[in-house]
Visitor: 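Before we start, here is the structure in question, set down as structure tokens.
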Amino acid sequence: MEKKLVLIDGNSIAYRAFFALPLLNNDKGVHTNAIYGFTTMLLKILEEEKPTHLLVAFDAGKTTFRHATFTEYKGGRQKTPPELSEQFPFIRDLLDAFGISRYELENYEADDIIGTLSKVADEEGFQVKVISGDKDMTQLASENVTVCITRKGITDMEIYTPEHILEKYGLHPNQIIDMKGLMGDQSDNIPGVPGVGEKTAIKLLKEFETLEGLLSSIDQVSGAKLKDKLSEFKDQAIMSKQLATITREAPVEVVLPAIEYSGYSYEKVKSIFKELGFNSLLEKMEPSGTERQEVELEEIQFEIAKEITEEMLTDNASLYVEILEDNYHLAPILGLAIVNANGKYFFETDIAVHSPLFKEWAEDESKSKIVYDAKGTEVSLRKRDIHLKGIQFDLLVASYLLNPSESLDDISSVARRYNEVNIQSNDEFYGKGAKRSVPGKEEIADHIVRKAIILEKLSGKLEDELKENQQYELFHDLEMPLSLILADMESAGIKVDVGRLKKMNEELAAKLIKLESKIHQLAGEHFNINSPKQLGVILFEKLGLSSGKKTKTGYSTSADVLEKLADDHEIIREILDYRQLGKLQSTYIEGLLKVVHPNTDKVHTRFNQVLAQTGRLSSIDPNLQNIPIRLEEGRKIRQAFIPSEEDWVIFAADYSQIELRVLAHIAKDEKLIQAFKDDLDIHTKTAMEVFHVSADDVTSNMRRHAKAVNFGIVYGISDFGLSQSLNITRREAGLFIERYLESYPGVKHYMEDSVKVAKQQGFVTTILQRRRYLPEITSRNFNIRSFAERTAMNTPIQGSAADIIKKAMIDMADRLQSEKLQSRLLLQVHDELIFEAPKDEIEKLKEIVPDVMENAVELSVPLKVDYSYGPTWFDAK
DNA sequence: GAACGCACGC
DNA sequence: GACGTACGTGCGTTCC
């Protein structure tokens, strides 16, 4: 296993924690904020880094070897507050309880201990992480040494690799000390060269590389004044560099094997948490995860194959590929199992994926396979250059179609539904949360073979059920081929313009800082704007604004509440702006950057095909179905989504009003059907009907109301929901809905009928026989029943729209292939498809895409598709 | 790690 | 008259 050393700058982190958190104290009157913050940081490091070796370094005493050079070193520093000093002994106790090594060295600072140990570890092939609040530490970064500097608070860290430093300063890590030598450091009282700041220092170092190089050729420096300063303060610069240099040769007695970290004893940690009064952390320790469960399952017989032979690779075999992490894009395969008429076999990953025989079988269309999660299996095997063909049955998809409301954590949930209990769930087998672990080879083999056995046992049964339900076509002709198309889309990924995102990030950061200080100034104090709790206090107590609705825990500060207060105080607009930009930064810029593949600059989402109750897809890691579009600033995020090849474009096509068209069709409403046949503006038309006016007399407000009602119909919202979105009373909203239904009697009849059908048969269906069961429709509880009723009306609409676009995706894939086009489908966002395409295929797509999408199914109304394209997703509008 | 409040899309 | 209201995903805060 790879060795990983984490080195923590104890003093620096304690300081950070102390100033980041309010001055908490426990029941014994001891201040605990630094201890508490230190602990949360520590827990986070243990969780995320899983170090094999760990040490916390502290400064020893007041004077160090640096004072011999320069007595004023660190002069002018504020004395450590006594409230912090008193916490250090507890931090030491805490580390002892965790079994973490700590170390301090007379005459040296924590930096030097860390510098020395990181060098040793680096040379011995460790991965090293340095944790500090002091930017000076970045000089230690190297290929194997990453430096994490706390940003804001204590758990938010900025990660410095040599690449990042180069990007940020244009310098190599070892030039950081030269930079310090020139610019000095206020906080350590390092003088540097007067008049030289960060900008100048960087400029000089880019040209002369080192301080020494610079000082030996001062005459080449441009600028007379600068020249003078450099000559005058030459010695001071050299001394400053020395002071800023972390020594990597300190006489540290600690050796690496001595600081190996092997976990902590819960008992010891528990008792110190109790002593400190850290109840929340105490709870956190306890139930976070469950151990692997040892259970008695009925024994199974199988063979652990040392090599792959013909008899293992037959037609009609059950194949299970175990991918441990849920993100299958990069995750390792833990092992594979095949069950067929000849036997039950387990293969270690390498044996299977490197076997030509296995590859040939996997890629043989005529050898049919039964799998669980065709899409994930396909994506994962493709990474290993195996293109799985002949997938005849996917138990996951089948199970979802039979009942979308059953949760599908893993194959065991399907098994249990059919009373197959001879298998553990993944959580039971591997353990849950922090206690998750990978057991021994034999046990893994057993677990995986059991899964393949389930496939073999249940596939026939589910297939029969699908046929009974008239859902086999939906399964075989729609969802199964779709899963492979989604696999293609996910594997292809979409290219991201990282530079653009980073630039946006900087611009946003600047705006946010301004907004933040404006808000603090208007509030008259500093507080965390991102905390609804703190914000509530400021707005509704300090500033005395009238609070609207409440939440479980306090005042609501949601956008709709704040909008109503916008005229009462200047601060409200600023907060709304801050929220908007903050959302863009955290979710869409930083969130996206976190999941960009570093080598390809692509993001590979995962579409969940078996989750949404309506039959829609969802998208995670990243979610590419909720990229901003409504507001211009957010919409710009789309500029960062670009084609993956030179001279290609992004081509986007969306259905116009697909749900309302589907409604017209299902409800057989004459008026609505005619409206679409005449290609009318449906919101205006609705306004005309609801308000009994002619087209010319529809005001923008009427249209807005009509639009909201149409929206409500599509999403199945209640009068309450409509009243919220239009900011009107519930009674008025109810009236609108009533008038709407009078205007479209076919729709009214359909709505009533849907509920009736749902009550009678227990489920509703879509045009392609997707089902949603609604047992709650008979509930005696008004709310629960009403919800089910609205669902009965809405699901056929939304679900049929989902059916249609899925069908279009399949037809589209066929068409792209038959026309031999290179264009690729990348994303689906419920009613739109996004492609990347070579420029010279644009004309062809303009023809094909609307044609395929509009003719995916035949309805009693036409389907209408709009399209657009451009160099980025933003431009395809 | 879990609950919560909030916000983005369709 | 109840009582809490489309679906999804993801972020930051809180926890003493």
Side-chain angles (χ1 to χ4, degrees), chain A residues 21-27 30-33 35-37 39-40 43-44 47 153 155-156 273 276-289 432-434 528-536 551-562 576 579-580 582-588 590-592 594 605 608 611-631 634 637 654-655 658-659 711-725 780-784 786-787 790-791 793-795 797-798 801-802 828-832:
Chain A
L21 296 174
L23 200 57
L24 314 161
N25 50 18
N26 67 7
D27 53 5
V30 182
H31 292 107
T32 55
N33 59 337
I35 314 170
Y36 185 77
T39 312
T40 42
L43 289 169
K44 192 173 162 183
E47 164 77 20
T155 47
D156 183 15
F273 277 5
L276 290 162
F278 289 175
N279 295 323
S280 72
L281 292 179
L282 240 144
E283 273 170 41
K284 189 164 131 182
M285 316 280 312
E286 284 289 0
S288 76
K432 218 175 125 181
N528 186 344
I529 307 165
N530 284 322
S531 161
K533 193 174 159 188
Q534 295 179 32
L535 182 61
T551 64
K552 270 181 217 174
T553 48
Y555 310 106
S556 168
T557 65
S558 62
D560 55 320
V561 171
L562 295 191
L576 287 165
R579 283 245 180 99
Q580 191 204 329
K583 173 79 178 177
L584 290 181
Q585 184 179 48
S586 65
T587 303
Y588 295 107
E590 291 173 346
L592 213 49
K594 264 185 227 160
T605 187
N608 197 335
L611 185 139
Q613 301 298 301
T614 51
R616 277 185 169 186
L617 301 174
S618 72
S619 153
I620 55 168
D621 269 359
N623 181 349
L624 294 178
Q625 293 183 318
N626 72 345
I627 302 301
I629 188 165
R630 245 180 51 251
L631 302 171
I637 300 284
D654 69 295
Y655 282 110
I658 188 167
E659 284 95 351
F711 183 84
I713 296 291
V714 166
Y715 288 122
I717 59 173
S718 56
D719 54 357
F720 178 88
L722 183 62
S723 75
Q724 290 293 300
S725 68
R780 264 114 24 239
N781 179 312
F782 174 85
N783 301 305
I784 293 176
S786 301
F787 184 49
R790 291 205 303 279
T791 309
M793 304 185 244
N794 160 255
T795 295
I797 304 172
Q798 225 189 88
Q828 186 252 47
V829 190
H830 309 309
D831 67 351
E832 65 175 323

Visitor: Regarding A:N781, tell me which of base, sugar-phosphate or nothing describes its non-hydrogen contacts under 4.0 Å with the strands shown.
Guide: nothing
Visitor: A:F782 on top of C:dC3's base, within under 5.5 Å and under 30°?
Guide: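 No; centroid distance or tilt outside limits.
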Visitor: The criterion is side-chain contact (heavy atoms from CB on, under 4.5 Å); which residues satisfy it with A:Y555, sequence neighbours excluded?
Guide: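 In terms of side-chain contact (heavy atoms from CB on, under 4.5 Å), with neighbours along the sequence ignored, A:Y555 is linked to A:F540, A:E541, A:S547, A:K550.
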Visitor: Between A:T551 and B:dC4, does any side-chain N or O lie under 4.0 Å from OP1 or OP2?
Guide: no
Visitor: Calculate, to the nearest 0.5 Å, the distance between atoms NE2 and CG belonging to A:H830 and A:N626 respectively.
Guide: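 Here the rounded value is 8.5 Å.
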Visitor: Taking only residues two or more places apart in sequence or in another chain, which ones pass side-chain hydrogen bond (donor to acceptor under 3.5 Å, both in side chains) with A:T795?
Guide: A:R772
Visitor: Name the nucleic acid region contacted by A:I629, choosing base, sugar-phosphate or nothing; use a 4.0 angstrom heavy-atom cut-off, strictly under.
Guide: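 Sugar-phosphate, no base atom in range.
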Visitor: With sugar-phosphate meaning primed atoms plus P, OP1 and OP2, does A:F787 contact a base, only sugar-phosphate, or nothing at under 4.0 Å between heavy atoms?
Guide: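 Here A:F787 touches the backbone only, sparing every base.
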Visitor: Check whether any side-chain N or O of A:Q580 sits under 4.0 Å from OP1 or OP2 of B:dC6, and answer yes or no.
Guide: no
Visitor: Base, sugar-phosphate or nothing for A:D831? Non-hydrogen atoms, less than 4.0 Å.
Guide: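 Result for A:D831 = sugar-phosphate.
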Visitor: Please check the phosphate of C:dC15 (OP1 and OP2 only) for any side-chain N or O of A:K533 closer than 4.0 Å.
Guide: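 Checking C:dC15 against A:K533, a side-chain N or O does come within under 4.0 Å of OP1 or OP2.
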Visitor: Could I get the full list of side-chain hydrogen bond (donor to acceptor under 3.5 Å, both in side chains) partners for A:R579, not counting sequence neighbours?
Guide: A:T557
Visitor: Report which part of the nucleic acid A:I627 touches: base, sugar-phosphate, or nothing (heavy-atom distance under 4.0 Å, all strands).
Guide: sugar-phosphate
Visitor: What does A:S556 touch in the nucleic acid at a heavy-atom separation under 4.0 angstrom: a base, only the sugar-phosphate, or nothing?
Guide: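 Counting heavy atoms under 4.0 Å across all strands, the contact made by A:S556 is with sugar-phosphate only.
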Visitor: Would you kindly compare A:R780 and A:S619 by the position of their nearest DNA chain C nucleotide and give the one closer to the 5′ end?
Guide: A:R780
Visitor: If you go through the side-chain atoms of A:N530, does one of them form a donor-acceptor pair with the base of C:dG12 closer than 3.5 Å?
Guide: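 Side chain to base: no pair below 3.5 Å.
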Visitor: What's A:R790 touching, base or sugar-phosphate or nothing? Going by heavy atoms closer than 4.0 Å.
Guide: base
Visitor: Examine C:dT13: is either OP1 or OP2 under 4.0 Å from a nitrogen or oxygen in the side chain of A:N528? Give yes or no.
Guide: yes
Visitor: Contact class for A:T791 vs. all strands (heavy atom < 4.0 Å): base, sugar-phosphate, or nothing?
Guide: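 No contact.
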Visitor: Name the nucleic acid region contacted by A:R630, choosing base, sugar-phosphate or nothing; use a 4.0 angstrom heavy-atom cut-off, strictly under.
Guide: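 Answer is sugar-phosphate: A:R630 comes under 4.0 Å of backbone atoms only.
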Visitor: Taking only the P atom of each, what is the distance from B:dC4 to C:dT5 in whole angstrom?
Guide: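 Those two atoms are separated by 12 Å.
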Visitor: Fill in the dot-bracket string of DNA chain C, one character per base: . for unpaired, | for a pair to another strand, ( ) or [ ] for pairs within the strand, taking Watson-Crick or G-U pairs under 3.5 Å.
Guide: ......|||||||||.
Visitor: Go through the structure and list residues passing side-chain contact (heavy atoms from CB on, under 4.5 Å) with A:N783, not counting sequence neighbours.
Guide: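 In terms of side-chain contact (heavy atoms from CB on, under 4.5 Å), with neighbours along the sequence ignored, A:N783 is linked to A:N781.
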Visitor: Just call it for A:Q534: base, sugar-phosphate, or nothing, with non-hydrogen atoms closer than 4.0 Å on any strand.
Guide: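 Sugar-phosphate contact only - A:Q534 comes under 4.0 Å of backbone atoms but never of a base.
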Visitor: Quick one: side-chain hydrogen bond (donor to acceptor under 3.5 Å, both in side chains) partners of A:S556, sequence neighbours excluded?
Guide: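 With sequence neighbours excluded, A:S556 shows a side-chain hydrogen bond (donor to acceptor under 3.5 Å, both in side chains) to A:S558, given in chain and number order.
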